[in-house]
Colleague: 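Quick one: this structure, given as structure tokens, is what I'll be asking you about.
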Amino acid sequence: MRTHTCGELSKAQLDQRVKLCGWVDTVRDHGGVIFIDLRDRYGLTQIIFDPNDSREAWDLAQSTRGEYVIQAEGTVEARPAEMANPRLATGEIEVRCDRIRILNKSRTLPFPLEGKDAEKVSEDLRLTYRYLDLRRSPMQENMRIRHRMSQAVRNYLDQADFTEVETPILTKSTPEGARDYLVPSRVVPGSFYALPQAPQQYKQLLMMAGVDRYFQIARCFRDEDLRADRQPEFTQVDIEMSFITPEDIYALIDGLIADVMKAVGKGDIQTPIPRLSYEDAMNRYGSDKPDVRFGMELVELSDIFEETEFKVFRQVVGQGGAVKAVNAKGLGGVPIRVMDEWTAVAKEWGLGGLAYIRAQDDGEWKSPIIKFFSDTEKEQLKERLAIEPGDLVFFAADQREVANKALGHLRLLAGEMAGVIDDDQFAFTWVTDFPLFEVGEGGRLISVHHPFTAAHPEDLALLETEPGRMRAQAYDIVMNGVELGGGSIRIHDPEVQSRIFEALRLPKEEIEDRFGHLIRALSFGAPPHGGIALGFDRFVMMVAGEDSIRDVIAFPKTQKAMDLMMNAPATVDAKQLRDVHIKLDLIES
RNA sequence: GGGGGCGUAGCUCAAUUGGUUAGAGUCCCAGACUGUCGAUCUGGUUGUUGCGGGUUCGAGUCCCGUCGCUCCCGCCA
């Protein structure tokens with residue numbers, strides 16, 4: 001139907017007879033000559049119709065409207081120099097057409113695809129007519145970026161001798177973790193499959209199968225509430241390897257990220273990617289996913305205030321808590337109103353309040369608490385925080401975890417306000433040595449990563465005594481303050497695995513029922529193994545410079561997990577329900 | 001489950017802090033125009049102010065409920 005695409009013609013094809021197909025982007029009708037911008041995925045080409053060339057074609061051209069699909073035939077001509085359009089790749093030429101076929105008409109679109117309003121169209125409209133939204137060039141570009149990234153991942157892992165294996169979508173519900181999406185069984189009444197939250201157990205079983213190096217670009221499903229970076233179905237680059245230590249994972253992923261970033265033209269990533277222990281990340285950045293594009297690190301001050309006159313600080317230190325602060329360089333001039341907002345944020349994250357010092361340009365400190373500080377304390381503060389005129393210092397005094405987290409959030413606000421976060425920079429970091437357990441309600445242990453995670457070799461002995469202090473052989477990869485992925489070395493000893501399940505206080509029957517196959521598999525010569533999973537949608541989102549993964553997923557769902565285009569989920573026929581043995585008794589009408 | 005924001009013409013937004021007949025740009029329709037590329041010019045059509053109640057002489061505006069979209073907390077091993 002076409003000899004060329006709308007993106008490829010140039011002076012190289014001068015005087016050639018060509019056929020183009022595409023969508024009518026805009027029509028500029030001058031009464032005589034008519035200009036049409038013809039668009040396809042590859043670009044935009046100006047085609048012109050002159051009544052003197054073909055009255056018939058000119059008439060048809062005049063009847064076209066936006067988004068009509070046409071085929072046009074004509075000759076490639078150079079534009080006069082002053083008529084060239086430097087903003088178009090094809091801007092030096094145009095196609096003088098004497099034939100046109102209208103392949104399909106289009107109703108007026110429910111929203112504009114181009115122009116100043118196109119970027120602001122409400123998202124529910126875009127989602128209802130997603131196929132139209134996807135015609136927009138930013139969306140086309142996002143789909144291309146995603147494609148290039150997945151290709152780069154496949155190439156890299158293929159060259160590293162990985163085998164891509166598909167694992168089941170219809171699988172089994174496991175306790176803990178996210179809520180499962182369930183699929184009723186027709187053949188076994190009253191039984192349900194679950195869609196995988198991740199191919200976790202399958203990939204470990206593949207190691208026991210001797211696959212040695214597995215990967216999958218895997219769809220995962222979690223029935224939890226949505227966010228800008230969370231969809232009910234999402235994609236992971238899922239990786240597992242045998243006979244490895246964390247170092248092997250770091251090296252592999254460093255290389256993978258560098259390759260992928262290169263493939264999308266985002267330059268050279270410095271490898272090895274720097275590492276931070278979980279403890280350091282929390283102490284220095286107040287987050288397990290630190291944005292390391294800027295400084296403003298958290299500074300320890302507890303020792304300075306052990307015996308201070310300022311009661312609030314002294315008591316916190318006396319009770320084993322921490323006094324810490326951040327020097328938000330150059331923000332000394334922020335209005336009190338902002339400090340009030342930040343105080344509210346501080347309280348949301350558990351602080352009693354937010355003390356601060358504003359170092360004025362003349363060097364004088366303004367602060368509600370400074371009167372309590374001795375000269376020595378002030379001197380130590382100034383030195384340790386490197387306070388200069390024009391700086392803003394804010395303090396947190398609380399239990400160490402609370403102070404860290406609160407300052408971590410405030411640090412991000414401060415960095416943003418100071419304009420020190422470079423949107424074009426991509427800063428990766430590993431966070432290592434996560435704790436194995438966190439302590440939940442009633443002292444109950446919960447796996448921080450998942451219950452198959454191996455403990456740090458030195459810490460296994462603490463399992464029955466101080467499990468809360470155990471470190472895991474678990475790691476996250478973080479990009480610009482966003483958790484890109486995480487993984488761990490897995491337990492390969494069935495006895496250790498059983499001890500962990502017991503420590504998690506899972507009932508014996510449940511362990512057998514839900515994890516029996518895994519423990520059994522471990523007992524048949526399971527190799528030491530470990531892996532990682534990367535959140536592919538987030539990765540693409542960051543590279544594409546979007547704020548939501550919805551913009552890098554072709555057909556995403558709304559915050560209520562609805563597909564507005566397909567109108568899913570939806571009710572089904574009574575017969576379909578009978579087939580799967582389901583009766584809708586609990587729905588209140 | 002909780003907190004915040006938004007909902008007015010096909011689209012993007014106004015509408016004097018309760019006051020006459022709800023406007024603008026754009027899109028769309030018609031006409032004019034042979035070098036535009038956000039074409040231009042002239043004219044025209046377009047409203048259940050998300051929905052349902054309430055207060056009031058009077059509601060886009062205030063109150064209650066509800067629906068939808070969105071951001072966040074909880075949740076997401």
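Just so we're on the same page: letters track the sequence lines, and every chain starts at 1. Note: hydrogens, waters and symmetry copies are ignored here, and every other heavy atom, side chains too, is used.
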Colleague: For the side chain of Asn85(A) and the base of C37(B), is some donor closer than 3.5 Å to an acceptor across the two?
Modeller: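 Such a pair is found, so the answer is yes.
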
Colleague: So which nucleotide does G65(B) pair with, by the Watson-Crick or G-U wobble rule with both distances under 3.5 Å?
Modeller: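 Matched G65(B) with C51(B) under the 3.5 Å cut-off.
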
Colleague: What nucleotide among C29(B), U36(B), U34(B) has an atom nearest to a side-chain atom of Arg79(A)?
Modeller: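 In terms of side-chain proximity for Arg79(A), the closest of C29(B), U36(B), U34(B) is U36(B).
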
Colleague: Between U66(B) and C27(B), how far apart are the two P atoms, rounded to whole Å?
Modeller: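 Here U66(B) and C27(B) have their P atoms 41 Å from each other.
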
Colleague: Provide the distance between the two P atoms, one in U21(B) and one in U16(B), to the nearest whole Å.
Modeller: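 About 16 Å, rounded to a whole number of Å.
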
Colleague: Distance between the C1' atoms of G2(B) and U20(B), in whole angstroms?
Modeller: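 Going atom to atom, C1' in each nucleotide, I get 44 Å.
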
Colleague: Heavy atoms from C-beta onward define the side chain here; which of C11(B), G1(B), C69(B) lies closest to that of Met562(A)?
Modeller: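 The closest nucleotide is C69(B).
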
Colleague: Between the base of C76(B) and the side chain of Arg230(A), is one N or O donor paired with an acceptor at under 3.5 angstrom?
Modeller: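 In this structure, the two groups form a donor-acceptor pair.
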
Colleague: Centroid separation under 6.0 Å, is that true for the rings of Phe35(A) and His30(A)?
Modeller: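 Centroid separation for His30(A) and Phe35(A): below 6.0 Å.
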
Colleague: Do Asp433(A) and Ser277(A) have a side chain donor and acceptor closer than 3.5 Å?
Modeller: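 No, because no side-chain N or O of Asp433(A) sits under 3.5 Å from a partner of the opposite role on Ser277(A).
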
Colleague: Sticking with atom P, work out how far U46(B) lies from A24(B), rounded to a whole angstrom.
Modeller: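 Each nucleotide's P atom is 13 Å from the other's.
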
Colleague: Distance check, C1' atoms only: C37(B) and C6(B), in whole angstrom units.
Modeller: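 So the two C1' atoms sit 36 Å from each other.
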
Colleague: Could you tell me whether the phosphate oxygens of G10(B), OP1 or OP2, come under 4.0 Å of any side-chain nitrogen or oxygen in Arg107(A)?
Modeller: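 So the side-chain polar atoms of Arg107(A) never come under 4.0 Å of the phosphate oxygens OP1 or OP2 of G10(B).
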
Colleague: C57(B) and G65(B): how far apart are their P atoms, nearest whole angstrom?
Modeller: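 To the nearest whole Å, 24 Å.
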
Colleague: Taking the side chain of Lys120(A) as heavy atoms from C-beta outward, which of U12(B), U36(B), C76(B) is closest to it?
Modeller: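 Out of U12(B), U36(B), C76(B), the nucleotide with an atom closest to Lys120(A)'s side chain is U12(B).
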
Colleague: Return the nearest nucleotide to the side chain of Trp349(A); candidates are C73(B), C13(B), G35(B).
Modeller: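 Of all the options, the side chain of Trp349(A) is nearest to C73(B).
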
Colleague: Looking only at the side chains, is there a donor atom on one of Glu546(A) and Asn142(A) sitting less than 3.5 Å from an acceptor on the other?
Modeller: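 The answer is yes; a qualifying pair exists.
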
Colleague: If the plane angle is over 60° it's perpendicular, under 30° parallel, otherwise tilted; pick one for Tyr129(A) and Tyr131(A).
Modeller: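 The rings of Tyr129(A) and Tyr131(A) stand perpendicular, inter-plane angle above 60°.
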
Colleague: Just checking Asp124(A): base, sugar-phosphate only, or nothing, at a heavy-atom cut-off of under 4.0 Å?
Modeller: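 Result for Asp124(A) = sugar-phosphate.
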
Colleague: How would you label the contact of Gln197(A) with the nucleic acid (heavy atoms, under 4.0 Å): base, sugar-phosphate, or nothing?
Modeller: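 Here Gln197(A) touches no strand at all.
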
Colleague: Given the structure, check if the side chain of Arg87(A) and the base of G38(B) hold any donor-acceptor pair shorter than 3.5 Å.
Modeller: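 No.
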
Colleague: Would you measure the distance from the P atom in C69(B) across to the matching atom in G35(B) and give it in whole Å?
Modeller: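 Straight-line distance between the two P atoms is 49 Å.
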
Colleague: Between the side-chain atoms of Glu94(A) and the base atoms of G35(B), is any donor-acceptor pair under 3.5 Å?
Modeller: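 Donor-acceptor pair under 3.5 Å: yes.
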
Colleague: For nucleotides G31(B) and C71(B), find the distance between their P atoms and express it as a whole number of Å.
Modeller: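 Looking at atom P only, G31(B) and C71(B) are 45 Å apart.
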
Colleague: Under a 3.5 Å limit for both distances, which nucleotide forms a Watson-Crick or G-U wobble pair with G18(B), could you say?
Modeller: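 G18(B) is paired with nothing.
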
Colleague: Under 3.5 Å, is there a donor-acceptor pair between the Gln46(A) and Arg28(A) side chains?
Modeller: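 The criterion, which ignores hydrogens and geometry beyond distance, is satisfied for Arg28(A) and Gln46(A).
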
Colleague: Over all strands shown, is Ala228(A) touching base, sugar-phosphate only, or nothing at heavy-atom distances under 4.0 angstrom?
Modeller: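 Result for Ala228(A) = sugar-phosphate.
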
Colleague: Quick one: look up who G60(B) pairs with, Watson-Crick or G-U, both distances under 3.5 Å, and put none if it's unpaired.
Modeller: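 Base-paired to nothing in any strand shown.
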
Colleague: From the set U36(B), A30(B), U34(B), return the single nucleotide nearest to any side-chain atom of Gln46(A).
Modeller: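 Closest nucleotide to the Gln46(A) side chain: U36(B).
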
Colleague: Atom CD of Glu483(A) to atom P of C75(B): distance rounded to whole Å?
Modeller: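 Going from Glu483(A) (CD) to C75(B) (P), I get 15 Å.
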
Colleague: What is the nucleic acid contact for Leu125(A), judged by heavy atoms within less than 4.0 Å: base, sugar-phosphate only, or nothing?
Modeller: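 Sugar-phosphate, backbone atoms only, no base.
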
Colleague: If C13(B) has a Watson-Crick or G-U wobble mate with both distances under 3.5 Å, name it; if not, just say none.
Modeller: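 With both distances under 3.5 Å, C13(B) matches G23(B).
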
Colleague: Please state whether the phosphate of C75(B), meaning OP1 or OP2, lies under 4.0 angstrom from any side-chain nitrogen or oxygen of Arg222(A).
Modeller: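 Answer is no, no contact under 4.0 Å.
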
Colleague: According to a strict under-4.0 Å criterion, is Lys560(A) in side-chain N/O contact with OP1 or OP2 of G68(B)?
Modeller: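 Affirmative; the distance criterion is met.
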
Colleague: Tell me whether Arg471(A) is salt-bridged to Asp459(A), with the criterion being a basic N under 4.0 Å from an acidic carboxylate O.
Modeller: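 Here Arg471(A) pairs with Asp459(A) in a salt bridge, since their nearest N and O are under 4.0 Å apart.
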
Colleague: At less than 4.0 Å, is any side-chain N or O atom of Gln559(A) found next to OP1 or OP2 of C71(B)? Yes or no.
Modeller: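 Checking Gln559(A) against C71(B): at least one side-chain N or O falls below 4.0 Å of OP1 or OP2.
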
Colleague: Which part of the nucleic acid, if any, lies within reach of Pro110(A) when heavy atoms closer than 4.0 Å are counted: base, sugar-phosphate only, or nothing?
Modeller: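 Touches sugar-phosphate only.
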
Colleague: Would you please confirm or rule out a distance under 4.0 Å between OP1 or OP2 of C69(B) and any side-chain N or O of Thr558(A)?
Modeller: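 Affirmative; the distance criterion is met.
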
Colleague: For Phe501(A) and Phe515(A), take the angle between the two ring planes, folded into 0 to 90°, and tell me which bin it lands in: parallel under 30, tilted 30 to 60, perpendicular over 60.
Modeller: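 Plane angle under 30°, so parallel.
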
Colleague: Does Arg550(A) make a side-chain N or O approach to OP1 or OP2 of C71(B) shorter than 4.0 Å?
Modeller: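 Yes, Arg550(A) has a side-chain N/O under 4.0 Å of OP1/OP2 on C71(B).
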
Colleague: Please classify the nucleic acid contact of Asp223(A) as base, sugar-phosphate, or nothing, using heavy-atom distances under 4.0 Å.
Modeller: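 Here Asp223(A) touches no strand at all.
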
Colleague: Measure CG/Leu226(A) against C1'/U70(B) and give the value in whole Å, please.
Modeller: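 Those two atoms, CG and C1', are 12 Å apart.
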
Colleague: Name the closest nucleotide to the Met83(A) side chain, picking from C11(B), C76(B), G35(B).
Modeller: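 Of C11(B), C76(B), G35(B), G35(B) is nearest to the side chain of Met83(A).
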
Colleague: For Arg490(A) and Ser488(A), test the side chains for any donor-to-acceptor distance below 3.5 angstrom and give the result as yes or no.
Modeller: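 Present: a donor and an acceptor within the cut-off.
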
Colleague: Within the pair Ser122(A) and U12(B), is there a side-chain N or O less than 4.0 Å away from OP1 or OP2?
Modeller: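 Indeed, a polar side-chain atom of Ser122(A) lies that close.
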
